Structure formats: structure tokens, C-alpha cells
S.K.: 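I have a structure here, written as C-alpha cells, and I will follow up with some questions on it.
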Amino acid sequence: MYKLLKMTAWAFAMLAVSSCQLDTQSHIASPDGNVSVNVFLLENGQAAYTVAYKGEAVLDTSALGFEFLDAPELKEGLEILQIRSRSFSEQWEMPWGEQRLVDNTFNELTVDLAEKDNLKRTFKLVFRVYDDGLGFRFEFPEQENMTEVLITEENTYFNLTDDHLVWWTPGDWDIYEHLYSTTRFSEIDALSKRDHPNLAQTYIPVNAVNTPVTMRTDDGLHLSFHEAALIDYAGITLEIDKENLQMRNNLVGTEREEYKVIQRTPFVTPWRTLQIAENAGQLIESNLIVNLNEPNKLGDVSWLKPAKYMGIWWEMHLGKSTWDYTGTQDMSTWIGAEPHGNHGATTENAMYYIDFCAEHGIDALLIEGWYTGWENWIGTDAREGIFDFVTPYPDFDLDKVNAYAKQKGVRLVMHHETSSAVTTYEQQLDTAYALMSHYGYDMVKTGYVGTIIPQGEYHHGQWMVNHYMRVIQKAAEHKVMVNAHEPIMATGLRRTYPNDATREGLRGQEFNAWATDGGNPPEHLPIVAFTRMLAGPIDYTPGIFNIKLEPYRDENQVNTTLAQQLALYVVIYGPMQMVADLPVYYKGHPAFQFIKDVGVDWEQSRVLNGEVGEYVTIAREERETGNWFLGSITNEEAREITIRTDFLDPAATYKVILYADADDAHWDDNPTAYKIQELDVDNTSEITLRLASGGGAAISFLKQ
Ligand code: NOJ
Ligand code: CA
């Protein structure tokens, strides 16, 4: 009944628009005609829009407007000055990515609006409509009555047509490291997630969700809301109005100012995006977010080299060793303890890992905890000036480790944990990056654990958005790829700044080591693939073979099978893929061969099947070699999945190796039971994969 009413409202809106508002409405459709948008003025002169897919309403009349500090809101009393449209099509090349060539074809509508009276302020509303969804943004030209602009609210609405099923995380201004909830829209309750035992910071002011947020209609249409090209603006959460099935942009704010965004005309807002797909897999294949970003601004980026990397890292999360030199830091409590001489980043340990990388063809090694300051990095307000990123602990010989890595052909990944003393980091940037250039580092992992200093700022506010950008630009000057933890969410800026490589921005593998709530459940990654992954590459840190984490963390475990850990190298995309476990668990293990073989940079990717929160299968062709790799993962439900191998080159022959769950495998009862099988396959074959509960399968198709 409710839906019927909604549909009638939609039909009425259409009618109203076409019969009596001809001069104040305009229409644009995607190149294939399926996605269509109406832009029009409401009776009070407020701008609004609707979206439909194949003629069915996807968004009902949704109003637009801004509130400012020291200026009247920009809302009613508008007139349309001009309407233009154009079509655009190009193909561009990703320097690294899920695919090499990207099609960017859209129809664009630009509506020039102005206030009829009062301040006569003006702006353009630009819609780009693609076959896989749409983006729209506000462009504010230079104008007399709008110079400095202090935005307190961006009242961009999204009015849903029904009570959809939603995969959501709470709208947190500080961190994205939450588990997903799956509920009807009308049951979203973000505030109940506010106090989390394992998060060093979390700030959830209203009932809102983070983006990307993905939904499924009862008719099976998939919708995902996010943003693109977030530059010099605050990030968003989407505030939930359960009764009216309505969402509104809630910009991330700051306690230091009464506004949320400061800008000067001319400026543009980020794109507000909606991806639309008939099946879940198409969401993953969508390039909408990157397409809405500007082309590469860095010029020659042949220095960007994707990598598989190991780390002196997991051993700290397991509590086997520590970041600091004189005490210990336990990630599960964040509380320091007495010295015990168990420092992880020693010269000897680094050389041991370097040897292992060299022997097994792993490109790079991350070393955390090599510089001084880790004794006081967290849980204190005196975090400023603690890290300088250039002074090694006495047991770490930076020269020697670098020389040894070079000699062995292993790249090193720099680590900059800022502990969110961001001003300190900004002061250290020049020296820190100069040191990296001196030794030839081309990758850095940054981190922002804790509340932001300057106090009052949040991780996802405008000030931090600008900070993350300054780091990307500084890194680009030094030809360095950035992998940010506790980051701002990706919005496709890797197209413009291709060294903005990857990030965390989700509940990563580390939670399995120390979370007191049981770690990431088996459904986590089958949700992540259709939500967080739509924003961009992920540093999830797969590849844990010692699933039960014994003897280090008896209370914890990884909640997948070993075979699923392999599949993640293909399913969860990132240009820096970690080989996360300790060398001892890989040594002599037959399944390690898959990790050694698997690519990290792709010519093309195909999502073969999937349902949000249930399962997903992706096949990717490696650049240059033409090898294919396939990963399939499932939630707690065991299932059989049949795939066709028609993506293979019909003219080639392949050595095909399947790494699968053993018949009696189970994520909890028997997670490390696997089998390896050579298959006789060409491009006309079908393969049936048997995925255990919490399991997965990985296949390498190695061109002969
Ligand atoms: C949190 C990061 O996500 C993790 O990867 C890192 O090891 C710690 N912070 C310490 O920097
Ligand atoms: Ca983290």
C-alpha cells in the first residue's frame, strides 16, 4: 500500500512537471536511456530533483539548499536562468587499477539558478547521468553577494521510494572501523553504535550512516549512495529520517568553528553520487566514482608500482612483539605496560623478513615501530612532538636495513603513525619525506589513531580532508604512493592523484587479532565488497594462515577459512596487497604458492556473481602476463557456485590450480582444511566451487 502511494506521488510529480512547469523543469537521461533525472523548481522556488530507473521512481522529489553562517539560507525564491546539456564520451587509462581502460560516457545537464530577489545569489546545478548511475554537484561562480562562504548545512535530500533493505555503518565523524548492520531503512539506529570498546575515537552526533551505503529494493534494484571528488570540503554522513524514508547530507563539522565548510567563490562542491544496478555485481564493476574525478594531474606516473608487501606488523597485533622499545602496547586495551625488551623493528628481524621476501618474490616490506616515540603514542593528550619519523630506536640500523633491502631487491614501505597529532606531522613532512627520498622509499603507510590534534577537528571534516590532500601532494613530489589508515573515505581522487593509492577506512583484519567482540564475522567481507569497496582500493591485509592465532591470542581468531584468505587477494582490490601473516606460517605451506603467483595490477576485472552480504566471485586478468586469477567468498552459509571460464583467452593454454576448502572445512571448526587441485580447463569449461561455511576458493590460471 505504502509503495503504491509513493508511486502515485511520483506519477503526479511527473505530470505536474510536464503540464504546468514547462519553463522551470528539465530532464536528462543516461546514454542507454535507463537512468533519468528531472530537475525542477517547487512552488516556493526551491530547486528539487527526481531520479527514475527504466521509468520507475528511484528517488522521489528531493529538495536542495544551503544554510550559512552570517548569510540567509539559499533555498526558496529561485528562478532558472538557463539550461544546457551536452554528451561526453572518452576512454582513459588507469596507471594501475582493477582495469586498464575505463569508459567514461555520460549526458550532462547544467541548470543555472539565481535568487529572484534579495541577494540575487546564483549557482549552477550540474547532473552527470551515466548508465550506472549519476552524480550531481553545485558550482558557485564568483559573485558580488557571495565571496567568503561559511556553510553550516548542505540540505541535499535523497527521498527514497520504499523501506529498502540497507547495509550500513553508523555515521561516524572520526572512524569507519565499524561492523555493518543489515536492516530495513526504517530500522537504522546509528546512535546505538556510539560506544565501541575497540575504537580509539568515535563521534556519532546524529542518526546517520556513513557512505558508501548500499540498499536493495524489494524489486531487486541495487542502489549505493556516496560522493566523488571530495576536495577542500567536509565529508558527509547521510542523516536518516525513518518516517519519511528520507536522507539528508549531514556534513562533518568541527568544534573550532561555527561553520562546517569555509570556501570562497568560485568553488564547486563534491559530487553527490548514486550508483544504480540491476544486480549486485554491477555495483562493483561501476566506474562512476573515478569517472567523476578530474584526469591525472601528476603527469608521468611510471614510478607508481603496485606491490605485494609483508610487514613487521601482524606480530605486534598478535602481541608477539611491540612497536616500542622500552615498554609494550597492547592493541586490545591501548594501555602501556612495563618494559620487556621485545621490540619488533630490530635490524635482525628486518633482515630476516627481507630474506623471506627475497626468497619468495614478495616485492616489499613494511616496518612499523622503527622510530622513537611509541612509548607514548596513544591514550595521552601529550601526543604532539612524539614522533619525528627520522630517529631510529637504538636497535634499528636504518642505513644497514636499507642497504640490505636494496641488495636483496626488496622495496621498503615507510610507516608514519601520526597518532593523530596532525600538526606535528605537518611540521615533520619535509624532513620525513626527504629521508624517504634519500633512501629511495616509494610507498608510505600513514596512520591517524586517536582524536585529532588540533582539538575539535574530526577525521572526516574539511580541515582533515585538506590535510590528507597535503600529504598526497607532498608524497607525489617525492614519488611516493600513499596507503592511509584511519583515512578520509576514498572518493575517486586516485584518478587525479594516482599516488593516492589505497587505504584502510573499514574494519580491517587487525580487529581479528584483538577485538573484544569476536572480530569480523563471516558476513563482513561479503558486505564490504558491495559497500566500502565501491569507494576505492582497500588495504585489508589478507593472507592469515594461522587462523586460530595460537599461541598468541587464545581469545581471538580469524573468522574465515584459510582458502577464503587466499580468495581475498582477488576479491578485495588494492594496489598494495599485504602478505600479512608471519613468515613461519608460510614456510613450506603449499597454499602459499597462490599468494606468490597472484597479481596486484589488473588489465580487466569481471564480477561473475554475488549477493550483498552473502557471496561474491570475481575474476581478474593480470596486466602484462595475461594470467587470470579468481576469488570466491561466502558468508556463514556453505554453498556451491558454478562458474564459466569464458573469460579466458581461447587461443591460450593455462595451468589451472584450484585452492579450495576441504570437504570438512568450516570457518570455526576446521578453518585450515584445504585442498589443492590441478584442473583441466579451457575457455568453454564450467567449474563448480564448494565453499565451506565462512569459506572461499581461489584459482590461478597461469598462461603456458
Ligand atoms: C592502526 C593501523 O590500522 C594499524 O595497521 C597500525 O599497525 C596501527 N594503527 C599502528 O600504527
Ligand atoms: Ca585501523
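Remember, it's a predicted structure, so these values are computed and weren't measured experimentally. In each ligand, atom 1 is the first atom listed, and ligand 1 is the first ligand listed.
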S.K.: Check ligand 1 against E368 and write out every atom of the ligand that is under 4.0 Å from a heavy-atom position of the residue.
M.R.: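 Taking each heavy atom of E368 in turn, ligand 1 has 6 (C), 7 (O), 10 (C), 11 (O) under 4.0 Å.
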S.K.: Regarding Q462 and D232, do their side chains bring together a donor and an acceptor under 3.5 Å, going by distance alone?
M.R.: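 The answer is yes; a qualifying pair exists.
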S.K.: Mark up the atoms of ligand 1 that fall under 4.0 Å of a heavy atom belonging to V449, in ascending order.
M.R.: 1 (C), 9 (N)
S.K.: Checking side-chain polar atoms at under 3.5 Å, does D395 have a donor or acceptor matched by the opposite partner on H343?
M.R.: yes
S.K.: For the Ca ion (ligand 2), which protein N/O/S atoms are closer than 3.0 Å?
M.R.: E177 OE2, E486 OE2, E504 OE1, E504 OE2, E510 OE2
S.K.: Check whether the side chains of N520 and Y540 place a donor and an acceptor atom closer than 3.5 Å, and report yes or no.
M.R.: yes
S.K.: Of the backbone atoms (N, CA, C, O) and the side-chain heavy atoms from C-beta on, which set of W374 has a member under 4.0 Å from an atom of ligand 1: side chain, backbone, both, or neither?
M.R.: side chain
S.K.: Is it the case that Y404 and D355 place a side-chain donor and acceptor less than 3.5 Å from each other?
M.R.: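 Yes - a donor-acceptor pair under 3.5 Å links their side chains.
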S.K.: Does E510, backbone or side chain, put an N or O under 3.5 Å from an N or O of ligand 1?
M.R.: yes
S.K.: Distance only, no hydrogens: is a donor on one side chain within 3.5 Å (strictly under) of an acceptor on the other, for R532 and T214?
M.R.: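 T214 and R532 do not have a side-chain donor-acceptor pair below 3.5 Å.
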S.K.: So is H317 polar-close to ligand 1, meaning N/O to N/O under 3.5 Å?
M.R.: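 The answer is yes, given that H317 and ligand 1 share an N or O pair closer than 3.5 Å.
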S.K.: Classify the side-chain pair W602/E98 by whether it contains a donor and acceptor separated by less than 3.5 Å.
M.R.: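 Short answer, no.
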S.K.: Select the closest option to atom 5 (O) of ligand 1 among K445, M578, H415, E504, judged by heavy-atom distance.
M.R.: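 Nearest heavy atom to atom 5 (O) of ligand 1 lies in K445.
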S.K.: Applying the side-chain contact (heavy atoms from CB on, under 4.5 Å) test to W374, which of I386, D324, T326 qualifies?
M.R.: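 Among I386, D324, T326, the one that satisfies the side-chain contact (heavy atoms from CB on, under 4.5 Å) with W374 is D324.
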S.K.: Hey, is the main chain of Y203 close enough, under 3.5 Å, to the side chain of D172 for a donor-acceptor pair?
M.R.: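 Indeed, once roles are kept as given, a pair shorter than 3.5 Å links the two residues.
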S.K.: Tell me, with the steps shown, if T424 and E384 meet side-chain hydrogen bond (donor to acceptor under 3.5 Å, both in side chains).
M.R.: CA-CA 6 Å; T424 296; E384 287 179 290; 4.7 Å; no
S.K.: Is W314 close enough to touch ligand 1? Criterion: a residue heavy atom under 4.0 Å from a ligand atom.
M.R.: no
S.K.: Check R503 with D539, please: is the shortest side-chain N to carboxylate O separation under 4.0 Å?
M.R.: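 Not counted as a salt bridge, because no side-chain N and carboxylate O are separated by less than 4.0 Å.
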S.K.: Show the atoms of ligand 1 that are less than 4.0 angstrom away from any heavy atom in W313.
M.R.: 4 (C), 5 (O), 6 (C), 7 (O)
S.K.: Run down the list M316, H416, E417 and name the one with the heavy atom closest to atom 10 (C) of ligand 1.
M.R.: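 Checking each option, the heavy atom nearest atom 10 (C) of ligand 1 is found in E417.
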